[in-house]
Visitor: 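My questions will all concern the structure given below.
Since the structure is predicted, the reported quantities are computational estimates derived from the model, not experimental observations. Atoms considered below: every heavy atom in the structure, side chains included; atoms not considered: hydrogens, waters and symmetry mates. All chains are named by letter (A, B, ...) in the order of the sequence lines, taking the proteins before the strands, and each is independently numbered beginning at 1.
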Amino acid sequence: MNSTVGRLIAQRLALGILTLLIVSVAVFFITNLLPGDAAQAALGQAATPELLAALRTQFGLDQPAPLRYFSWLSGLLAGQPGISLVNHMPVAQLIGGRLPSSLLLAGVTAAVSVPIALTLGITSAMYRGSKYDRAVNVMAVSMVSIPEFLVATIAVLIFAVHLHWLSALSHTAGITTFAQFVKAYAMPVITLCCVIVAQMSRMTRAAVIDQLTSSYVEMAVLKGAGPVRIVLRHALPNAIGPIVNAVALSLSYLLGGVIIVESIFNYPGIATLMVDAVTTRDMPLVQACAMIFCAAYLMLVLFADIVAIVANPKLRIK
Amino acid sequence: MSQPDSTPGAITPAPATPAGAPLANQSAHTPARRILGLSPLGLVGLALVAFWVLMAIFGPLLSPHDAGEVLDMDVFGGISSKFWLGSDYLGRDMLSRILYGTRYTIGLALVATLLASGFGTLLAMVSAVSGGWLDSLLSRTFDALISIPSKMFALMMVASFGSSVRLLIITAAITYMPGAFRIARALAVNVQTMEYVQVARARGEGWLYITCIEMLPNMIRPVMSDLGLRFVYVVLLLSGLSFLSLGVQPPDADWGSLVRENISGLGQGAPAVLMPALAIATLTIGVNLLIDNLRGKRR
Amino acid sequence: QAATTPATPRRGGKVKIATQSSSTADTLDPAKTSHSTDYTRAHLFYNGLTKLDIKLAPVMVLAEEMNTDDATLWTVKLRKDVRFHDGKPLTPADVVFSLMRHKDPATGSKVKAIADQIESVKASGANEVQIKLTGPNADLPVILATAQFLIIRDGTTSFTKANGTGAFKCSEFTPGVRTVGVRNNEYWKPGMPYLDEIEIFGIPDEAARVNALLSGDVHWINEVNPRSTSRIKATPDFGILETKSGLYSDLVIRQDSAPGKSMDFTLGMKYLIDRQQIKTAAFRGYAVVANDQPIDPTNRFFFAGLPQRPYDPDKAKFHLGKAGVLGSTPIPLVASVAAAGSVDMAMLMQQSAQKIGLTLDVKRLPADGYWSNQWMKVPLGFGNINPRPSADILFTQFFKSDATWNESGWKNEQFDQLLVQARGQTDFAKRKQMYADMQVLIHEKGGIGIPVFITNLEGYSTKIKGIEPIPLGAFMNYTSGEYIWLSA
Amino acid sequence: MNTHKQGPDSGSAGAEVVRVSGLQVAALKENGQLTPIVQDVAFNIGRGEVLALIGESGSGKTTIALSLLGYARTGCKITGGNIQVGEHDVLTMNDRQLQHMRGRHVAYIAQSAAAAFNPSRTLMDQVIESAMIHKIMSRRQAQEKAVGLFRALALPDPEHIGSRYPHQVSGGQLQRIMAAMAFITDPQLVVLDEPTTALDVTTQIEVLRAFKNVVQQLGTTAVYVSHDLAVVAQMADRIIVLRDGRMREVGTTDHILYHPENAYTQSLLAAARPKLREQPAPSEDAPLLRISGLVAGYGRPDRRGLPSSRVLDDINLTIRRGSTVGIIGESGSGKTTLARVVAGLVAPARGSILLDGEELPPTLENRTRDQFRRVQIVFQNADTALNPGHTIGRILGRPLSFYHGLDKAAQKKRIAELLDLVQLPANVIDRLPGELSGGQKQRANLARALAAKPDLLLCDEVTSALDTVVGAAILDLLTQLRRELNVSYMFISHDISTVRAICDDIVVLYSGHMVEQCPREALAEAPRHPYSHLLMSSVPDLRPGWLEQAAGRTPQGLPPIGPSDRSIDICTFVDRCGLRMDGICNTVQPPRRLLDNGTRILCHRTISDLEQLQAPLIAEQEIAA
Ligand SMILES: Nc1ncnc2c1ncn2[C@@H]1O[C@H](COP(=O)(O)OP(=O)(O)OP(=O)(O)O)[C@@H](O)[C@H]1O
Ligand SMILES: Nc1ncnc2c1ncn2[C@@H]1O[C@H](COP(=O)(O)OP(=O)(O)OP(=O)(O)O)[C@@H](O)[C@H]1O
Ligand SMILES: [Mg+2]
Ligand SMILES: [Mg+2]
């Protein structure tokens, strides 16, 4: 480690914070364009002008938008992301109830999918052009090509409705044994894996192949190195940067991109929380969720960057 | 000497480097038969894509019924001589609905992809050529956009402005523009350092000539193959939106909405839900195979 | 086909109920409850003064009796020995607080409009309150059976936990996730409830809801799509609960703007509705053909003598031609998933219209913001009206000239007079005649077309016993919790 | 057709280690056809013998070299023949057996060490890797042996250099470390594939010397691949001349150099010693281009307006109308940057550029179209200088319409004339650059510049990417154009003989400074700047034994000096200068002085000092001539 790495990381961090700020402004003003507000959403069919006015005052919606933005921002900086307009619970508490579930799902999916994807990617790069490679490729393409809601629904029909092996719903509460855990998580995890494994394995394959066509790999062959050594000792260390990047991009999908999986398996994650918040125009909650997705994305990308920097001696050692 | 690749191969993973197969099976390289420069898998892809494009153009002419006509009181009917692909949840002819839906699916996705890639590439070139603060601003803004999950963004857009075909196109285009921008910018930065661009600059050419005549044609191949992938993503995004009831609105229907509106027939194995899903899968698989084999020529 | 009721209920067990909607807007505040999930949850933890039986007649609950002479001043005797979950006894102050808070706009009550009929509520004895109305209304006991009027403790402001008198105590409530109730051992109804625990959560996706039922993850679901019924029926140990009710989705033709201003247009559109097709195609037969008036056949005031308006393309063509809309520019027809079945109905109408040369441009809008921004604002659209406990409430809220939700902007003096007279009329036959006249008026002149009354469909596991459907809402009008039990 | 001498009799002393006969290698073309790229190659190598393979680019040198390891690149396939290395029958071996042989019995040294080293592993790790793979010694032993080899290869700090990463050592060092990598297992045969081609001449000589030492010490049997006859002459016992994948001539080094029989070998030899082209006398009127006090570089300008990385410093030069000024210097010395500054692609931070007495605006935006027209730039690499998507006709047509507003018909006529001028067939007009050979591309590149009717051509390494024979033809063309069109050239190259062949005046750049400026005749004689001297004496002569003699010609070792004062612009060459003087060179800015023979140098040494110290070389060169 040295100052170069430190400086690079600090620079990325600063850029990340800037990006967060841009996103917060963008989200705030997009949501301000939404027709209707929390008051209307809350009253629904029952809205009358006087009721609306009363609720708006109660929610503080009668204040101008920039003022609301800044009070929200200052609240956020003070660690207080506000109070939900809809059910008057602190936003932090609402999110706090859901975020662990989301992270757990994302974590389990990552733990399952990353090894599979890397193995597939690396082996198909090793045997590129072979039947195995082509089979893996066609499988990967087919997996990304089927809408995830269909994959999920079919899985439910087979494993829950017909075979009764797994649960059609993923309850997070009341799981005490590993068997229960598997029962609840198997299907959402399988569905999500279908979406991201293909992506990651293909990028891994490309990154490894990129290295395998390099001169130093040819050199290693001419030194008498076997295929395994070539991939593990020569190609992989240099492919780490792009691979980690691909993994980070795919994993960033696991927080915000899983609305469909959450809604099919009734999983209490943060994506549905945000969908709810948009529907009910619960601005503080929408904002907070958007910031979380964005921050998660930036953190993953930052992590990938750091790994790439640390893996690259040119950057690591001056 | 091997032929110089006409594109700067920085982004496309495998530039045609002569350094070669390091692994054991060098002698096993059998010459595969190629037609139109495509491997057999690539041909399968081409055939699938061509089929659906033809359907998009001529589908409505071929379809036996009007897409909206209720023909039968029996719903989720199986495959029969009356309904070649079964009937849907209202007793409409699935074949006709899929044929009509082809236009929406392909048209929407194509327009959105073209917009995303077109504007993305344009901005990328502006960004790369101008450099400086404009470059930073654009890059940063697109970075911020990319960090909002696409479905969330689409959701907010649809919630704000109501679902219409135009809005869906704009939403999908905006969602996928940052990715297109990133790739095109990397390409443009690469191409820009090529000496022929320098020659053109030293000749006194304007930036419009340089970007459009000198740079663009040499970025177009990787941009096109990226466009193909993006097309697949848009098809899937739109079908995802349809699942959330935010996609193309009835009575019009793209394939995603067809799957969605018939999903309750899945439990009884109705073709009404399987067939449009199959259509989506064949289209996206076709595009993927085609692109893979265009790009991976030398792999 | 309601489940038959064996004699001895069994105690114990846990039941899971999945409803069609759940979000962070979920609430434990009865005043804010707005859909079946909320109502069902609220009825677990709270009691009302009254409730409705299977014939929609009011039954006393926390009220021991309700008396009135003029239908304006009511005396309510409260049940003794009722305790809240926190141990405090039920007092008149609780009732006063629970009813009067609806009148305060800051409460955000869903029933403020109805509660405004209440002039005052006062304690008039140790176990007695007096309710004074602004005008006579014989239906007060019916009105007080609605979920919003459930009784909470005096002074309650926080609703993160429920403190009611209900059969279950709230052990977990996470908005948008789930609600868990555990048996209230001190419940004032002896021996009840039977279940140890009950859990409610939402599964918004219908297919997922049905799958959850069939895979055994939940015991009871509502809002079953008619197309899923065959699957549920075909699976052993599961049943479909049909509840005919006054629920309808209606075509709303605004009477105060362009095409709807012409009475011919309105009539033409009504003739264009192919009710039989809508019943079979859109609802798979799980609906009752309606007749462009809102009182359904289960209602005691239903006027059977009103001739059924048929699907008549020729008449439709005649009237629409007179209105001058045939062959001209497309007319937008707004539908939304917010109004159940309206999208299908719109598409079917579009097909019928096409045959006579009328172009309807179906616009499907998202549920989001539909009620605020589209409903009652577009010239031609759809509404969706949940069953109301009484014909009076229905007419007052939706058809009176100055009604808040006068969907079509219909104005008829004769109707308004009849409505007010009927409220004070205590003679049932005379009252029924008045309601019949009103139904005829709406049928002929109103700006709404009601194709069908939609049958409520619920799916349940036959392990659940004690189900008696009430034709107003799902889950035995949301009160099922305390009555059902699990067979072994 | 030429017959070539071949057989055991031509081998030198010792038993044969390598026996190759009837070798055939084919390439798989896009259309699935197998096209032969190497045919009927047969040779033997005796123990301790160094055999050179020589030929132009694409003649199959690398292909043959790799086949000795039983290896063919992707898309290539060994289709026939027999290769015997020691007891191994290479072409019948399976993958496992090949793995056992490679790196153990036959070792390979690749052309570009920079690419052949894994960037993410330490040098030591890679040097001893083959020993580890073949398990012939322990890690300790291997490391000790590697350090010994480092020492033998004259690498600095041999004990610790192994713990560095590839990017932490220079190209020349890396190339030597690669040799250590090959020698670590004491292979029976070492294959060196153009090991010095990518290096600057001054570095090349060090590497050659190190290689030669080790090969002699260890008595290695080697195949040395190169396209440079002069280099080969230093290393090889025997030479095979290849062309189009066939052997044209085989013989001892002396035989090939002094008695070539094959016509192709003869043309190769002729091109290797470029003749000085006749120069028309430049006109003596006002100079065409005058550069004064030029400072330029890249990166954000600081407060004084100087760029963060300064590439050119205090450049002053004049190009007379119709004359050629050569710019020479090692890689990174700023040659290209100078051309780019004149062309307006890089804005100078200081100084002025006068074209015909008129100030050239520093940036592109402010130049007039006529100014653009008068200065044309021709880049080194015709592959990247021609837009691969445009036909030759379109490429040449653009400047015609852009500068001269010619319509289609007039363009067509003019293009035909231009093609004729650069001696390209008329039918290339509809072809894409990819369909032309390297020499043809460079001609098209030149024709495009000429289309503008320029006064000044900036030629940046226009022959460097070409084979010697083809390059010589381009030089002839340039000379001819100059005579016919009276254009002036700024001719940039890193190759001294090329520059001397066609230039009137020569400028020597060293890390952005003009260290010497002289008429071309003066460069051959002392006194000159110590760097020019190093440069001149590093160019291999086309005769065996030059390498051994070269040792005495430049000062060996560097005189010790104290710390340098970096606050002033001291001589940039001080770190490598064999004539540096402590207390002066490291503390005082060097003076620019004008010598009698028209040479200007930037050096503290007196003329007599230089003359004396550089004398030996003159004597050598006279002998050689
Ligand atoms: N991977 C490959 N696939 C197909 N053809 C190839 C491949 N590599 C080289 N060739 C062809 O084989 C011929 C010989 O190439 P080779 O690399 O042996 O030449 P070389 O003499 O080493 O040239 P250079 O001096 O440029 O290195 C060339 O015509 C080249 O185009
Ligand atoms: N665009 C650029 N930005 C920053 N630095 C650059 C740029 N181009 C060149 N340099 C640096 O400027 C220095 C001089 O480069 P230049 O290309 O002028 O050298 P050269 O003499 O032409 O070398 P070569 O013989 O390798 O072509 C080098 O150190 C190089 O790294
Ligand atoms: Mg070579
Ligand atoms: Mg250069």
Visitor: Could you grab the distance from atom CG of L18(A) to atom CZ of R140(B), nearest 0.5 Å is fine?
Guide: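 One gets 6.5 Å once the value is rounded to the nearest 0.5 Å.
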
Visitor: Got more than 12 heavy atoms from elsewhere within 6.0 Å of CZ, R166(B)?
Guide: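 Counting neighbours around CZ of R166(B), 12 or fewer heavy atoms of other residues, nucleotides or ligands fall under 6.0 Å, so no.
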
Visitor: Please state whether the side chain, the backbone, both or neither of I285(B) comes within less than 4.5 Å of a heavy atom of chain A.
Guide: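 Its backbone and side chain both get close to chain A.
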
Visitor: Side chain, backbone, both or neither: which part of V161(A) has a heavy atom under 4.5 Å from chain B?
Guide: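 Answer is neither: V161(A) stays 4.5 Å or more from chain B.
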
Visitor: Given a strict heavy-atom distance threshold of 4.5 Å, which part of Q199(A) is in contact with chain B: side chain, backbone, both, or neither?
Guide: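 Just its side chain gets close to chain B.
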
Visitor: For K151(B), is there an ion pair with E148(A) - N to carboxylate O distance below 4.0 angstrom?
Guide: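 A salt bridge links E148(A) with K151(B).
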
Visitor: With a 4.5 angstrom heavy-atom cut-off, which part of A295(A) approaches chain B: side chain, backbone, both or neither?
Guide: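 Nothing of A295(A), per the 4.5 Å heavy-atom cut-off to chain B.
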
Visitor: Against chain A, work out which of I263(B), L274(B), V287(B), V273(B) has the most heavy-atom pairs shorter than 4.5 Å and name it.
Guide: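 Option with the top pair count is I263(B).
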
Visitor: Under 4.5 Å from any heavy atom of chain A, what part of S239(B) do you find: side chain, backbone, both or neither?
Guide: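 It is both, since atoms from each part get that close.
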
Visitor: I'd like to verify something: which residue of I146(A), V23(A), L21(A), V301(A) has the highest number of heavy-atom pairs under 4.5 Å with chain B?
Guide: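 Heavy-atom pairs under 4.5 Å are most numerous for V23(A).
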
Visitor: I280(B) versus P147(A): any side-chain heavy-atom pair under 4.5 Å?
Guide: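 Side-chain contact under 4.5 Å: yes.
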
Visitor: Which bit of S252(A) is near chain B, if near means a heavy-atom gap under 4.5 Å: side chain, backbone, both or neither?
Guide: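 Contact with chain B is absent: no heavy atom of S252(A) under 4.5 Å.
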
Visitor: At a heavy-atom separation under 4.5 Å, does V156(A) approach chain B through its side chain, its backbone, both, or neither?
Guide: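 Neither part; nothing is under 4.5 Å.
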
Visitor: Please rank I146(B), T141(B), L145(B), L283(B) by heavy-atom pairs under 4.5 Å with chain A and give me the top one.
Guide: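 Ranked by contacts with chain A, first place is I146(B).
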
Visitor: Of T284(B), V232(B), N288(B), which meets side-chain contact (heavy atoms from CB on, under 4.5 Å) against V141(A)?
Guide: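 Only one option passes, and that is N288(B).
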
Visitor: Output the option from D133(A), I22(A), T153(A) having the highest count of non-hydrogen pairs under 4.5 Å with chain B.
Guide: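 Most pairs with chain B among the choices: T153(A).
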
Visitor: Please give me the minimum heavy-atom distance between T19(A) and D143(B), naming the atom from each residue.
Guide: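 Scanning both residues, the minimum pair turns out to be CG2-C, 4.1 Å.
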
Visitor: By a 4.5 Å heavy-atom criterion (distance strictly below it), what part of L300(A) contacts chain B: side chain, backbone, both, or neither?
Guide: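 Neither; nothing under 4.5 Å.
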
Visitor: Answer yes or no: are there more than 12 heavy-atom neighbours, outside M299(A) itself, under 6.0 Å from its atom CE?
Guide: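 Open.
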
